[in-house]
There are 2 protein chains.
Amino acid sequence: MGEENVKKKNALVPEPALRRMPCYLAYLKLEHRKGSQYVSSTLIARDNGVDPTQVTKDLSYTGISGKTRVGYEVEPLIDALEDFLGFRVMDEAYLFGAGSLGTALLHDHGLVQYGLKIVGAFDVNPLVIGHSIGGISIAHIDEFVKNKDHGIKIGILTTPVANAREVANMMVANGIKAIWNFTPVRITSPEGVVVQNTSLYAHLAVMFNRLNAAGSDDSVAPAKK
Amino acid sequence: MGEENVKKKNALVPEPALRRMPCYLAYLKLEHRKGSQYVSSTLIARDNGVDPTQVTKDLSYTGISGKTRVGYEVEPLIDALEDFLGFRVMDEAYLFGAGSLGTALLHDHGLVQYGLKIVGAFDVNPLVIGHSIGGISIAHIDEFVKNKDHGIKIGILTTPVANAREVANMMVANGIKAIWNFTPVRITSPEGVVVQNTSLYAHLAVMFNRLNAAGSDDSVAPAKK
DNA sequence: TGATATTAAGGAATTGTTTCTTTAATCAAA
DNA sequence: TTTGATTAAAGAAACAATTCCTTAATATCA
């Protein structure tokens with residue numbers, strides 16, 4: 001108990017804050033294109049429907065500070081956000097499962113602008129192996145296991161539900177450090193492996209629920225703002 | 001129907017709980033296929049890396065209750081979850097913005113299994129209008145405005161950032177009640193319109209952050225200033 | 001048949017996040 | 001230069017969500 005400068009709880013940036021940051025970034029880029037040089041937290045808050053103090057708290061994580069009575073300088077803030085979010089360094093990733101959703105992601109070239117480049121894709125289905133989707137050719141997953149020395153740290157998981165856990169284990173066993181999980185299966189992450197769950201169906205469930213709640217109840221309170 | 005739980009005013013189901021439910025559902029379907037007839041919350045919790053009491057709390061929202069010392073009956077629980085999440089009724093949706101991400105979603109046929117069917121797509125780019133992607137032909141967005149009497153309540157927003165707000169407004173003005181927003185732009189929802197934000201980049205930001213934190217920690221203080 | 005262990009469920013305490021409040025800074029205008 | 005208004009930032013309070021704790025029920029085993 002003697003160590004008093006042991007970092008408490010790791011001081012992780014709150015996930016909700018991290019999720020809001022790309023939204024600020026998109027907004028700032030639009031403002032920048034419009035010619036704005038300074039933007040205040042008040043303005044950011046109003047245009048994005050969040051609390052002004054939350055904006056300053058969120059932005060303070062990037063290390064940038066604003067000027068009293070002026071706001072934030074747009075360009076440095078954009079740079080700081082992109083740096084902080086890791087959008088400026090290009091990370092390479094492998095995709096596992098070239099089914100419907102995997103194919104969809106291979107078609108999407110938007111991720112490259114945010115620092116993620118898919119450089120390989122794997123599957124077990126003979127019907128897709130050998131084909132090229134979005135410029136990436138699909139290989140058998142054994143090829144991934146054979147190649148021990150790839151420096152790829154990020155794996156995108158888009159297999160069917162039944163294989164998700166098995167493939168995730170294989171990814172980890174072969175050096176993957178971060179799993180971007182698009183399946184509804186909850187991956188119990190081993191050692192120091194990061195798992196980011198992004199099941200579209202989870203979001204769909206929330207949307208359906210809110211839609212039904214709004215439709216069936218006329219005394220609904222509007223999102224307590 | 002809602003007479004007995006009138007005590008709490010709105011009693012909205014917490015979003016984190018809703019997001020976990022599809023995960024339980026996927027798990028239960030796998031267990032069902034394996035032949036399990038009963039599954040306990042303890043087991044669900046262990047296999048999915050969550051707290052057992054959280055499982056029972058989450059599942060209680062569906063109205064199903066488990067049997068002491070036995071657990072939950074798998075089949076009725078699957079039914080209840082699918083019903084509760086709105087996965088059993090097929091909702092139809094329009095897609096706005098057939099760019100990279102929009103095209104990707106049109107290629108994905110997985111959504112149909114979860115109750116969402118894309119039945120139309122709109123854009124403004126002459127290069128894509130008239131083409132068919134994933135069985136859906138792309139029309140000019142004016143066609144959407146002309147057709148006042150479509151019964152479509154759900155709109156998927158996949159336009160470029162610059163047009164997101166404008167298109168969202170147009171959607172709402174023409175009867176869309178729920179916007180599934182894939183852009184990083186925060187849509188300030190009007191009256192009783194539901195907005196579900198699903199920016200992939202937000203998730204990417206969280207993953208990058210956690211990955212970097214995991215790689216650089218141990219001895220180094222988090223450079224958060 | 002009775003004891004034991006396992007489970008669901010409800011309420012309390014804890015934790016984390018958001019919102020509110022206060023303070024200090026500084027630009028603009030008089 | 002002085003005054004007033006607006007802003008960022010830091011701390012306090014409120015809120016929501018998770019985890020912990022207790023209770024009641026019951027299938028299994030002795």
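Since this is a predicted model, take the numbers as computed values, not measurements. A, B, ... follow the sequence lines: proteins, then strands. Residue 1 opens every chain.
- Within the 4.0 Å cut-off from OP1 or OP2 of C:dT19, at least one side-chain nitrogen or oxygen of A:Q54 is found.
- Rounded to whole Å, atom P of D:dA17 lies 16 Å from atom CG of B:D51.
- Between B:S60 and C:dA9 there is no side-chain polar atom (N or O) within less than 4.0 angstrom of OP1 or OP2.
- Closest to the A:Y72 side chain, of the nucleotides D:dA9, C:dT18, C:dT7, is D:dA9.
- With hydrogens and angles left out, the side-chain atoms of A:Y27 and A:N48 include no donor and acceptor closer than 3.5 Å.
- Residue A:R20 places at least one side-chain N or O under 4.0 Å from the OP1 or OP2 atom of C:dT18.
- With D:dC20, C:dA9, C:dC20 as the choices, the nucleotide that has an atom nearest any side-chain atom of B:T56 turns out to be C:dA9.
- Among the nucleotides D:dT7, C:dG10, C:dC20, the one closest to the side chain of A:K57 is C:dC20.
- Between the P atom of D:dA9 and the CD1 atom of A:I64 lies a distance of 10 Å, rounded to the nearest Å.
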- Item | Base-contact (B) and sugar-phosphate-only (S) positions in nucleotides 23-30 of chain C, heavy-atom cut-off under 4.0 Å, - elsewhere | --BBBS--
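- Less than 6.0 angstrom separates the ring centroid of A:Y94 from the ring centroid of A:F122.
- No side-chain donor from either of A:N197 and A:S199 sits under 3.5 Å from a side-chain acceptor of the other.
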- Task: Could you please spell out the steps behind the salt bridge (charged side-chain N to carboxylate O under 4.0 Å, His left out) verdict for A:D47 and B:R186?
- Result: CA-CA 8 Å; A:D47 284 353; B:R186 184 112 177 194; over 6 Å; no
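- Contact annotation for B:T53: base contact, defined as any heavy-atom pair under 4.0 Å involving a base atom.
- Rounded to whole angstrom, the span from the CG atom of A:L12 across to the P atom of C:dT15 amounts to 17 Å.
- Atom-to-atom, CZ of B:R46 to P of C:dT6 comes out at 13 Å; the value is rounded to the nearest Å.
- A parallel orientation is assigned to the rings of A:Y114 and B:Y201, their planes being inclined by less than 30° (bins at 30° and 60°).
- Distance A:M21 CE to C:dT17 P: 12 Å, rounded to the nearest Å.
- For A:F182, the ring-ring contact (aromatic ring centres under 6.0 Å, His included) test picks out A:W180, with sequence neighbours left out.
- One can place OH of A:Y61 at 17 Å from P of D:dA8, the figure rounded to the nearest angstrom.
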